[in-house]
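Can you keep this structure in mind? I'll have questions shortly.
Any value given below was found using the heavy atoms of this structure, including those in side chains, with hydrogens, waters and symmetry copies removed. Letters A, B, ... mirror the listed sequences (proteins, then strands); counts begin at 1.
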Amino acid sequence: MTPPQGGSPESELAARRAKLARLRAAGLDPFGARFAQDDHAADLVRDFEARTGQAARVAGRVMTVRVHGRAAFADLQDASGTIQIYARVDKLGEGAFEGFTELDRGDHIGVEGTLMRTRRGEVSVEAGAWTMLAKGLRPLPEKWHGLRDVELRYRHRYVDLIVNPEARDRFLVRARMVTAMRRFLDARGFVEVETPILGSMAAGATARPFTTHHNALDMDLHLRIATELHLKRLIVGGLERVYEIGRDFRNEGLSWRHNPEFTMLEVYQAFADYEDIMRLTEEMVADAAIAATGGTKVTFRGHEIELAPPWRRLSMLAALREQLGVDVLAASDDEVRAAARTKGVDVAGASTRGQVIDACVDHLVMPRLIQPTFLMDHPVEISPLAKKRQDDPRVAARFEPIVGGFELGNAFTELNDPDDQRERFLEQAAERARGNDEAHPYDEDFILALEYGMPPTGGLGVGIDRLAMLLTGAESIRDVILFPLMRPE
RNA sequence: GGGCCAGUAGCUCAGUUGGCAGAGCUGCGGACUUUUAAUCCGCGAGUCGUGGGUUCGAGUCCCACCUGGCCCA
């Protein structure tokens, strides 16, 4: 069958398949074998002065081909970057040169040759031989606009990664950030652990869980919404300093800062309090920013943000007093609700006083906190796992790190009094009975663990995806999650 | 869940008042032994998101739906 002459999708695929067939007919494997990738593009460019004239072996994906009759150029992209390949018929021979000119954008090849610089100054590998490593059968997106369609970028992330360097860079920044956080915590004696994702009860946060079913036990299970209560059990067990970086699942809507599955870092340090955790947080984030981006300044949603410690400490009650005009501890429920309405906060859906306060914080306080701020000392009623402050038992020893107007995490001096914890759970159960299906469940075994004795402990949760957004300047959480949730096509 | 916007060639995008479906890149053929968005000549390329409706005639107007984005809840 002769391939169609046109450039329709069919003919373009057919043209590539025809080339595939020609390779096979010539006894060549279009999906070749191991290739000793001795060199990477960026290294050759960097070390050009020392290595010019020497042998080089590179492998990667052909991104452009420029044929000039008896000579040809190709840009080869590998994980490190791009380097030009220079091919001449008198170096390669007729057959190998002819094959080189038939390369398509998207093919993987291996090249061995000599490092040189062209007349125009481009560092290149002059090919002495080349091998097809994987024939690309699908045309790649256009070479200078790349792939813009966000739906295609999410659904076919591999194409996004091939053609959009900024997409690749975001995930490299994220990886360096996570590595740095592990190194930071490991260096301070924290132990990385793994706790269950499946459980009979999803506890430790205010959220609706996903439900699944275990067939053999014939029981419904929930996917975790937090790792908190398991990690605190490990503090009871004497591990003293633990952390987990893992996926949490919350059965909620999607937004620029919410994905149903997301990555959370939780850290617990025995014999510490939330003041210690504030220092740990600002140091860890600044350290991760330097490791991932080279500095502590980031640009996020149009704001220049300085992440270097110390971060601002701001009392939530003071902030609310300023923005709302009432003391939410002294005021009645109705007064708080009325003040919220006056300020334009929609509290129609808020059934409890805590939810009204949350809405006010979300709409009046957080958007104003661009530079890193520890928003601290929340009302106890919205902090069921945090210890009360000794000087004012209506206030929890809790903080949320706010940067760029949104919360990066949540932390407190952990509640280690089992009787107080039981009361808080009962209050949550009462809220649940009033119709708040996000209220914390009563975790009997966790109370039992606390009765064995949990030392005073400071704890922290950090949204890894959100921190990655901050460090990469991403506008949407989907830009820092490799394969965000999509409806089926 | 509500509002607004988008979906046209593999990709990036035009498409006027309802009147033959367009460009660039990509692809194919040709010229070219230092180009780099290579250049030059030539040729192709479509389920206009899906399904209905109005109309002599629909990419364009109307309705429903699908997918995505933004905003709100």
Side-chain angles (χ1 to χ4, degrees), chain A residues 2-20 22 41 45 62-77 81-94 96-98 100-107 113-114 116-127 136-156 159-160 162-164 252-259 301 340 344-351 355-356 358-359 362-363 367 474-479 484-489:
Chain A
T2 56
Q5 288 303 297
S8 69
E10 292 73 21
S11 72
E12 194 155 342
L13 294 183
R16 289 177 178 238
R17 288 208 172 264
K19 291 177 180 177
L20 183 80
R22 283 203 291 278
V45 172
V62 173
M63 297 306 286
T64 58
V65 186
R66 297 177 290 281
V67 179
H68 289 256
R70 312 285 285 165
F73 301 86
D75 294 325
L76 191 73
Q77 173 174 293
T82 301
I83 192 164
Q84 179 170 268
I85 307 300
Y86 176 39
R88 307 164 51 113
V89 67
D90 51 12
K91 269 274 175 61
L92 277 175
E94 289 285 347
F97 180 79
E98 179 70 19
F100 192 89
T101 65
E102 289 192 355
L103 285 173
D104 286 310
R105 173 173 161 82
D107 291 349
T114 309
M116 51 88 72
R117 197 190 284 276
T118 63
R119 200 176 290 163
R120 294 291 180 90
E122 184 77 17
V123 172
S124 306
V125 175
E126 184 172 4
L137 295 176
R138 294 273 170 179
L140 289 179
E142 209 223 324
K143 61 184 161 194
W144 69 80
H145 291 108
L147 186 67
R148 292 285 168 76
D149 187 310
V150 292
E151 185 173 354
L152 292 179
R153 288 184 41 229
Y154 297 152
R155 288 193 193 278
H156 306 295
V159 180
D160 189 32
I162 291 166
V163 300
N164 292 328
E252 293 165 354
L254 288 70
S255 81
W256 63 276
R257 53 190 173 156
H258 293 96
N259 195 64
R301 298 179 88 84
V345 179
D346 182 357
V347 290
S351 57
Q355 286 174 337
V356 174
D358 266 342
D362 282 353
H363 289 89
E475 296 279 318
S476 167
I477 195 168
R478 293 182 146 194
D479 290 325
L485 184 71
M486 305 287 282
R487 288 176 207 254
E489 272 181 285

For this session: Could you check whether A:Lys91 gets within reach of a base, just the sugar-phosphate, or nothing at all, counting any heavy atom under 4.0 Å?
Result: nothing
For this session: Give none if B:rC13 has no partner; otherwise give the nucleotide forming a Watson-Crick or G-U wobble pair with it, both distances under 3.5 Å.
Result: B:rG22
Exercise. Can a side chain N or O of A:Arg155 be found less than 4.0 Å away from OP1 or OP2 on B:rG68?
Worked result: yes
Exercise. How would you label the contact of A:Arg120 with the nucleic acid (heavy atoms, under 4.0 Å): base, sugar-phosphate, or nothing?
Worked result: base
Exercise. A:Glu151 has an atom CD; how far is it from atom P of B:rU12, in whole Å?
Worked result: 11 Å
Problem set entry | Side-chain-base donor-acceptor pair under 3.5 Å for A:Arg66 and B:rU35 | yes
Exercise. Taking OP1 and OP2 of B:rG27, is either one under 4.0 Å from a side-chain nitrogen or oxygen of A:Arg16?
Worked result: no
Please enumerate all protein N or O atoms sitting under 3.5 Å from an N or O of nucleotides 71-73 of chain B, with distances to 0.1 Å.
unit_1, atom_1, unit_2, atom_2, d
B:rA73, O3', A:Asp346, OD2, 3.3

For this session: Name the residue closer to the 5' end of RNA chain B, choosing between A:Asp149 and A:Asp104 according to the nucleotide with the nearest heavy atom.
Result: A:Asp149
For this session: Give the rounded distance in Å between these two atoms: CD of A:Glu12 and P of B:rA9.
Result: 13 Å
Exercise. Can you tell me how far C1' of B:rA45 sits from CG of A:Leu13, to the nearest Å?
Worked result: 12 Å
For this session: Just jot down the ring-ring contact (aromatic ring centres under 6.0 Å, His included) partners of A:His68, sequence neighbours excluded, or say none.
Result: A:Phe73
Exercise. Base, sugar-phosphate, or nothing: which does A:Arg88 touch, judged by heavy atoms less than 4.0 Å apart?
Worked result: base
Problem set entry | Residue whose closest nucleotide on RNA chain B lies nearer the 5' end, A:Ser476 versus A:Gly121 | A:Gly121
For this session: Measure from CG on A:Asp107 to P on B:rU26 and round the result to the nearest Å.
Result: 15 Å
Could you write out each protein N or O paired with an N or O of nucleotides 22-25 of chain B at a distance under 3.5 Å?
unit_1, atom_1, unit_2, atom_2, d
B:rG24, N2, A:Glu142, OE1, 3.3

For this session: Using the P atoms only, state how far B:rG3 lies from B:rG19, rounded to an integer number of Å.
Result: 31 Å
Exercise. Over how many whole Å does the gap from A:Leu103 atom CG to B:rC28 atom P extend?
Worked result: 11 Å
For this session: Would you mind classifying the nucleic acid contact of A:Leu140 as base, sugar-phosphate or nothing, using non-hydrogen atoms under 4.0 angstrom?
Result: nothing
Exercise. So does A:Thr118 reach the base of B:rU35 with its side chain, donor to acceptor, closer than 3.5 Å?
Worked result: yes
